[in-house]
Amino acid sequence: MEQLLVEGGTPLKGRVKVNSAKNASLPIMAAALLTPGDILLEGVPPLDDVKTMLSLLHHLGARTNFNPTTGDMKLTVPNLQDFTAPYELVGKMRASVLVMGPLLSRYGRARISQPGGCAIGLRPIDLHVKGMMALGADIVMGHGYIEARAKKLHGTRIYLDYPSVGATENTMMAAVLAEGTTVLENCAQEPEIVDLANFLSNLGARISGAGTSVIRIHGVEELRGGRHTVIPDRIEAGTYMLAAGITRGEVLLENVIADHLKPVLAKLEEAGVRIEERGDEGLLVSVPGEIRAVDVKTLPYPGFPTDLQPQFMALMATARGSSVITETVFENRFMHVPQLQRMGCNISIEGRSALIKGPASLTGATVKVPDLRAGAALILAGLAAAGSTWIREIHHVDRGYHEIVDKLGGLGARISRIKVGRSLTGTYAAGMRIKKAGENLA
Ligand code: EPZ
């Protein structure tokens, strides 16, 4: 197994290029199922989740070709013989459920393994199913699968109980080939929804209102092929901004759309992080003075993104004063707190809010990653801690951050990925003896 070793205390300096967005790439890849035409995507990051979606599309019968170096991806779905998203793949990546809308819309059938919950919450898909049923699909649940059938989907008016990103994407994709017009209300407004809508429009879909709380879709007969460059990843960008902040460094981020990060930039500025827009060059992040504690509440876009809540909490642990971070989107997204406490962070949880008292003097420790964004938070804390931090279960991080070790190393961080084996007498890391079997953890 692999672990990350982070030696803290170095302010990050230099420039880093942000990849294309994981959470735009995944629904856009699923949308390729809607058309027999060739789909050419540019700049898709070779993340583990992208590879899982590729496996699913291939399993369904799509022809896939991906160059992980250039990020160029070609997808062709002439016709399918299989309409099942199997347990193994859905269990690995919940976003696999995004093939349901496209399969139903083009083929009239979909069999999706019910996604289990994950570390951050139960993650139900009742709103996805509600959207499919509203469009006329018959849904049967059984044996851990959702069976959806429809001779033809029919446009209708749907009001989402909650502005769910996935339910908005699935329902929008189902509606593009439906008969008639669909009006989707109280839908998600994230930039990734807009990117998906732009991609679909490029294929001939008729969609308006993406990025607002009401999206209108006029069904069409068939979609053509097309090409698309996926938008930059605002969550990866925010993570590197927070890395610059927590190490009191100075970092230029390239390939960022500042407009997608407004709530994050506002909070960073409030906390004492300076953000300067440098035209086409990107955003320059620096820390002229001390970092101040500020309160944050996560909300659907355009509110503060839940996917940056753990990373922002790490920054607040080093800030002067007390801050309250309230997580309103997921019911269990504080799994990083016990791990941060091991590193000396002063955090207490009251229901959906965490109280962080700072500044804490962080010390390196052995920690375990519970989920993707918690992993990013632990890396950031390691960058600021005195001494060495060993970070385990880093496969979670590889799902959403491409080359994070190289990128942080390029900014001067002392971070390495170490293969750790176990022997009878102890645990050895790349020939370096780190502890005897049974010894207390560092
Ligand atoms: C997307 O997940 C993102 N994933 C998540 O990013 C992100 O945290 C989330 O949106 C919120 O912004 C991808 O885009 C692949 P939701 P999604 O449906 O679509 C409840 C990351 O780290 N809900 O907006 O699953 C749900 O339980 C990941 O990159 C229902 O109750 O999020 C949650 O409490 C983590 N019923 C809330 O809505 C439903 O049918 C938001 O979920 C669907 C959702």
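Remember, it's 1-based here, ligands and their atoms both numbered in the order they're listed.
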### Summary
shortest atom 23 (N) of ligand 1-to-protein heavy-atom contact is with P124 O, 4.2 Å
### Query
Looking only at distance, does L372 have an N or O less than 3.5 Å from an N or O of ligand 1?
no
### Summary
Rounded to the nearest 0.5 Å, the CZ atom of R63 sits from the CG atom of N65 at a distance of 11.0 Å
### Query
Are D49 and R399 close enough for a salt bridge, meaning some N to O gap below 4.0 Å?
yes
### Message
So if I apply the side chain to side chain donor-acceptor pair (under 3.5 Å) rule between E236 and each of H402, K17, K407, which one comes out positive?
### Response
K407
### Task
Below 4.0 angstrom from a heavy atom of H128, which ligand 1 atoms are there? Numbered from 1 as shown, please.
40 (O)
#### Entry: From CG (L34) to CZ (F199), nearest 0.5 Å
8.5 Å
### Query
Under 4.0 Å from any heavy atom of I125, which atoms of ligand 1 are there?
39 (C), 40 (O)
### Summary
Looking only at protein heavy atoms, what sits closest to atom 18 (O) of ligand 1 is S164 OG, 2.7 Å
### Residue and atom name of the nearest protein heavy atom (relative to atom 26 (C) of ligand 1), distance in Å to one decimal
F330 CE2, 4.3 Å
### Query
Which residue holds the protein heavy atom closest to atom 40 (O) of ligand 1, what is that atom called, and what is the gap in Å?
L127 N, 2.7 Å
#### Entry: Top protein contact for atom 36 (N) of ligand 1, by heavy-atom distance
D126 OD1, 2.7 Å
## Note on the structure
In this structure, atom 19 (O) of ligand 1 is nearest to the protein heavy atom G166 N, 2.8 Å
### Task
Output yes when the distance from some N or O of ligand 1 to some N or O of K22 is under 3.5 Å, and no in every other case.
yes
### Message
Determine whether the aromatic ring centres of residues F304 and F312 are separated by less than 6.0 angstrom.
### Response
yes
### Sidechain N-carboxylate O distance under 4.0 Å for R234, D259
no
### Message
Taking 4.0 angstrom as the limit and counting only heavy atoms of R333, give me the atoms of ligand 1 inside it, by number and element.
### Response
8 (O), 22 (O), 35 (C)
### Query
Is there a side-chain contact between I347 and L355, using heavy atoms and a 4.5 Å cut-off?
no
### Query
So between D49, V97, D307, L26, whose heavy atom ends up nearest atom 35 (C) of ligand 1?
D307
#### Entry: Nearest protein heavy atom with distance in Å, relative to atom 2 (O) of ligand 1
R123 NH2, 3.6 Å
### Message
Does ligand 1 come near enough to R94 that some N or O of the ligand is less than 3.5 Å from an N or O of the residue?
### Response
yes
### Query
Given side chains that start at C-beta, do those of D233 and Y401 come closer than 4.5 Å, heavy atoms only?
no
### Task
Go through ligand 1 atom by atom and flag the ones less than 4.0 Å from a non-hydrogen atom of Y162.
37 (C), 38 (O), 41 (C)
### Query
Is the backbone N or O of V287 less than 3.5 Å from a side-chain atom of R248, with the two atoms forming a donor-acceptor pair by type?
no
### Task
Decide whether S286 and R274 meet the rule of one side-chain donor and one side-chain acceptor closer than 3.5 Å.
no
### Query
N/O of A95 under 3.5 Å from N/O of ligand 1, yes or no?
no
### Query
Should one rank I120, V329, N23, T306 by closest heavy-atom distance to atom 41 (C) of ligand 1, which comes out on top?
V329
### Task
Report the nearest protein non-hydrogen atom to atom 24 (O) of ligand 1: residue, atom name, distance rounded to 0.1 Å.
V165 N, 2.8 Å
### Query
Is the F83 ring parallel, tilted or perpendicular to the Y107 ring (thresholds 30°, 60°)?
tilted
